[in-house]
Amino acid sequence: MLRIASKLFALSLLALVNTAQALTIFTCEPEWAALSEELAPGAKVFSATHVYQDPHYIEARPSLISKLAKADLVICSGAGLESGWLPALQKRAANRKVIDGADGMLYLSQYIKTIDQHETEFFSTKHVHPEGNPHFHLDPDRVLKLALVISQRLQRIDSDSQQLYQQAFEQWQKHWQKSMEQWQQQAMTLIGQPVVVQHTSFSYLIKWAGMDAIADLEPEPGVPPTMAHAQSLIDDARQEQPVAIITNWYQNDRAARWMSDKTGVKHLNLPATVDLKGDINNLQRLFDYLLIQLQEVQ
Ligand SMILES: [Zn+2]
């Protein structure tokens, strides 16, 4: 049903695409590419990373530089998520349209509040979330706000197609709000459920669903799990009986499998973002999938 609805949605938007020059959009993460495709019908959209990559660490490859050089708009999570590679790409691409401060460079973190912010002075240098947790695409409420931010930016930089973007946003919003009602119902069954995580990739969803992350296999964000740290969590895991140990598709899940063997708690390996080349290729489908997986594990 949802698939038919989204197909009709895409078709009706295609009808709106006029002869205006299509924008070239470069996104740092695949979730923003998927969202851009829905909010900017007809645009050429490219994502620098995919679901099997850790967005904190990628190589500034020449192919990415040439993509960035052609971009009219760049959309990234920000909050330090891309600080290890995006500045190098921007420098080498030398595209004035997408330098920091230009209308063509959109850091979404500037428009929402991140969770898990810490005082800088208490910070370890290894910590990869200097401005709070940047994985906010897993909060349906924040996505709703950010879709409007993206649409407004599209309308600003490509005012000839303003009506197209506005209508695309309105249709997307209607669909999203309807899905949110369904997700909220599903989340009711998850309230209070404890889980063990590896990195804070799913923190926004866990919080949104009212679940409880009782332990993190990473000693601190960005520091890979060690056996000593995993060992120290075993007693808690046995006592609090989490429903799952959650890892994501790009991670080494050795520590999670080890803990699962030791405690009998189920290991759940989930996509932390959309898979542009697979079935879970937009944020709606990602939330549908994640919530079903979390419900089934109980
Ligand atoms: Zn992170």
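When a ligand or atom number is given, it counts from 1 through the structure's own listing order. Nothing here was measured: the structure is a model prediction, and the numbers come from that model.
- Using a cut-off of 4.0 Å between Lys/Arg side-chain N and Asp/Glu carboxylate O, K97 and D72 are scored as salt-bridged.
- The shortest non-hydrogen separation linking A43 to A22 is CA-CB, 4.3 Å.
- Using the six-membered ring where Trp is involved, H199 and H129 have ring planes that are perpendicular, over 60° apart on the 30 and 60° scheme.
- Between the side chains of E170 and Q166, at least one donor N or O lies within less than 3.5 Å of an accepting N or O.
- Here ring-ring contact (aromatic ring centres under 6.0 Å, His included) pairs that include residues 279-298, with residues two or more places apart or in two chains, are W176-F287, W183-F287.
- Around the Zn ion (ligand 1), protein N, O or S atoms at a distance under 2.8 Å total 4; waters are neither shown nor counted.
- Residues N281 and A34 come closest through the heavy atom pair O-CB, 3.6 Å.
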